[in-house]
Amino acid sequence: MTLRILLTGAAGFIGAQVHRTLTAAGHDVVAADLMLPAAHGPGAPAPAGVHRVDVRDRDALTPLLRGIDVVCHQAAVVGAGVSVADAPAYAAHNDLGTAVLLAAMAENRCERLVLASSMVVYGEGRYRDAGGELVDPAPRDRADLEAGRFDHRTDGTDLAWELVPEDAPLRPRSLYAASKVAQEHYAAAWSAATGGTVTALRYHNVYGPDMPRDTPYSGVAAIFRSALEAGHAPRVFEDGAQARDFVHVTDIAAANLAAAEQPLTGFTALNVCSGRPITIGEVAAVLATARGGPAPVVTGEFRPGDVRHIVASPEAAQRALGFTARVRPADGLAEFAFAPLRGAAGAGAPTA
């Protein structure tokens, strides 16, 4: 069955890949993007076939929503939030934008949403103590960090991390994370009020061709890659043992296709991840080996607010959507070492 899909953020790193994947599957895609300078550079034109539309503009959304079966909402200001001054940008573009979009969807009787969410909604990962009990760890002690003790500890014993399920508490630790939690809450309330369905895809660390380089919002894989291109060793914070899940952008797009084609009931949040944990040190080593060095340097430097471990379970997405990531992080990152990247964009979050 051919679907008519409104795709927001269609010119972005992830959105462009989702656009290609939906179109290749035979769906009719109505593409929209505001072309924010912070994401695309100053004065960047919208690609051919992409409507330049602000999702906060209800009047502009209305003609795009006519006849739409499902909205795939990728548009967002991304990153961890470089400063507290960025908070209005996150609230305006991510949260107000989502609220306006949901209101316009209800007005136009569009009842299905696929929402780009993020693993950052969890904050820290999931931990157990030596007795096997779940523990909500306190913030890491600065004295421990300065002494090179980076894992969360209880009574002098390191806590063991494990995979995070979708029913874990939401504890945002950044401005961006707070905005993604708010997006999910607006979407869940919209679903309850209208009977519409929402599939919120919680992306883990996304990487792949066309990823932005050298901005405050670049992922760590792009930062390591840029260092290697310049002939510098990747600088790995802490001890490099921070566990993450790196998921290729083509797998993110495949998850969006599956969610668009398979409506679930009510509000459903799903982790989208490779299911193959990897440490930050291993990410740097794979990239350095692929490019022929220089070898990563583990600096011991730290940022007190950083998450230590966050790795998710892929099982719910497998059950609900039949989605399994195809790209192994070791293979995808080795390929990413030479993949084309987007040029540097704006220096910070948008101001309007």
Side-chain angles (χ1 to χ4, degrees), residues 79-81 117-178 180-181 184 200 202-207 219-221 223-224 234-247 269-286 296-318 325 328-330 333:
S117 188
S118 171
M119 56 89 175
V120 297
V121 299
Y122 298 120
E124 266 293 350
R126 185 177 173 100
Y127 298 87
R128 291 189 186 271
D129 63 18
E133 296 296 319
L134 281 173
V135 176
D136 180 15
R140 293 181 290 174
D141 184 77
R142 189 176 186 93
D144 280 340
L145 295 173
E146 290 174 345
R149 295 186 293 268
F150 298 113
D151 280 304
H152 287 283
R153 298 162 65 84
T154 297
D155 298 328
T157 302
D158 290 352
L159 300 179
W161 64 266
E162 63 178 46
L163 301 181
V164 179
E166 285 81 357
D167 61 0
L170 306 185
R171 297 191 175 100
R173 294 163 57 101
S174 69
L175 299 173
Y176 174 62
K180 300 310 281 187
V181 170
E184 286 199 11
R202 292 175 178 165
Y203 304 159
H204 283 250
N205 295 72
V206 187
Y207 70 99
V220 68
I223 293 170
F224 289 162
R235 295 178 61 81
V236 180
F237 278 19
E238 301 189 11
D239 57 359
Q242 308 94 303
R244 298 290 189 272
D245 190 302
F246 279 72
V247 57
L270 299 171
N271 291 319
V272 180
C273 55
S274 74
R276 298 177 175 92
I278 188 170
T279 68
I280 297 298
E282 288 170 332
V283 171
V286 168
V297 174
V298 178
T299 67
E301 296 174 80
F302 61 87
R303 292 172 294 202
D306 278 359
V307 171
R308 177 58 174 171
H309 304 295
I310 176 70
V311 179
S313 169
E315 293 181 0
Q318 292 167 353
R328 296 169 55 89
L333 287 164

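In this chain, residues are counted from 1 in sequence order. Only this structure's heavy atoms are used, side chains among them; waters, hydrogens and symmetry mates stay out.
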For a side-chain contact (heavy atoms from CB on, under 4.5 Å) check, start with the C-alpha distance between Asn271 and Tyr122, then their side-chain angles and the critical distance, and finish with the verdict. CA-CA 11 Å; Asn271 291 319; Tyr122 298 120; 2.7 Å; yes
*Full working for side-chain contact (heavy atoms from CB on, under 4.5 Å) between Val307 and Arg244*: CA-CA 10 Å; Val307 171; Arg244 298 290 189 272; 4.1 Å; yes
Is there a side-chain contact (heavy atoms from CB on, under 4.5 Å) between Ile310 and Val164? Walk through the geometry before answering. CA-CA 7 Å; Ile310 176 70; Val164 179; 3.8 Å; yes
(message) Is there a side-chain contact (heavy atoms from CB on, under 4.5 Å) between Val220 and Tyr207? Walk through the geometry before answering.
(response) CA-CA 9 Å; Val220 68; Tyr207 70 99; over 6 Å; no
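Heavy-atom neighbours of Glu315 CD from other residues, nucleotides or ligands within 6.0 Å: at or below the threshold of 12.
Scanning both residues, Ile278 and Pro329, for their nearest heavy atoms gives CD1-CB, 4.3 Å. Of all the heavy atoms in Met119 and Asn205, the pair that sits closest is CE-OD1, 3.3 Å. The two residues Val272 and Val247 come nearest to each other via the heavy atoms O-CG1, 3.9 Å. Of all the heavy atoms in Arg308 and Glu124, the pair that sits closest is N-OE2, 3.0 Å. For Ala312 against Leu163, the heavy-atom pair with the smallest separation is O-CD2, 3.6 Å. Across all their heavy atoms, Val120 and Lys180 have their closest contact at CG2-CG, 4.3 Å.
The CG atom of Leu134 lies 3.5 Å from the CZ atom of Arg128; values are rounded to the nearest 0.5 Å.
Pairs of residues two or more places apart, or lying in two chains, never qualify as ring pair (Phe, Tyr, Trp, His ring centres under 6.0 Å) while including a residue from residues 128-150.
Legend: residues meeting ring pair (Phe, Tyr, Trp, His ring centres under 6.0 Å) with Tyr127, ordered by chain and number and at least two apart, are His152. Considering only residues two or more places apart in sequence or on other chains, His204 meets the ring pair (Phe, Tyr, Trp, His ring centres under 6.0 Å) condition with none of them.
Two residues are said to be in side-chain contact when any heavy atoms from C-beta on lie closer than 4.5 Å; Pro277 and His309 fail this criterion. Proximity of Leu333 to Val283: side-chain heavy atoms (C-beta onward) are separated by under 4.5 Å at one or more points.
Without hydrogens or angle criteria, Thr279 side chain to Gln242 main chain gives no donor-acceptor distance under 3.5 Å. In terms of modelled atom types and a separation under 3.5 Å, the side chain of Asp245 and the main chain of Val311 share no donor-acceptor contact. Under the 3.5 Å distance criterion, the side-chain polar atoms of Arg149 are left unmatched by any main-chain donor or acceptor of Asp141. In this structure, the side chain of Gln318 does not engage the main chain of Ala316 through any donor-acceptor pair within 3.5 Å.
Using a cut-off of 4.0 Å between Lys/Arg side-chain N and Asp/Glu carboxylate O, Glu166 and Arg202 are scored as not salt-bridged.
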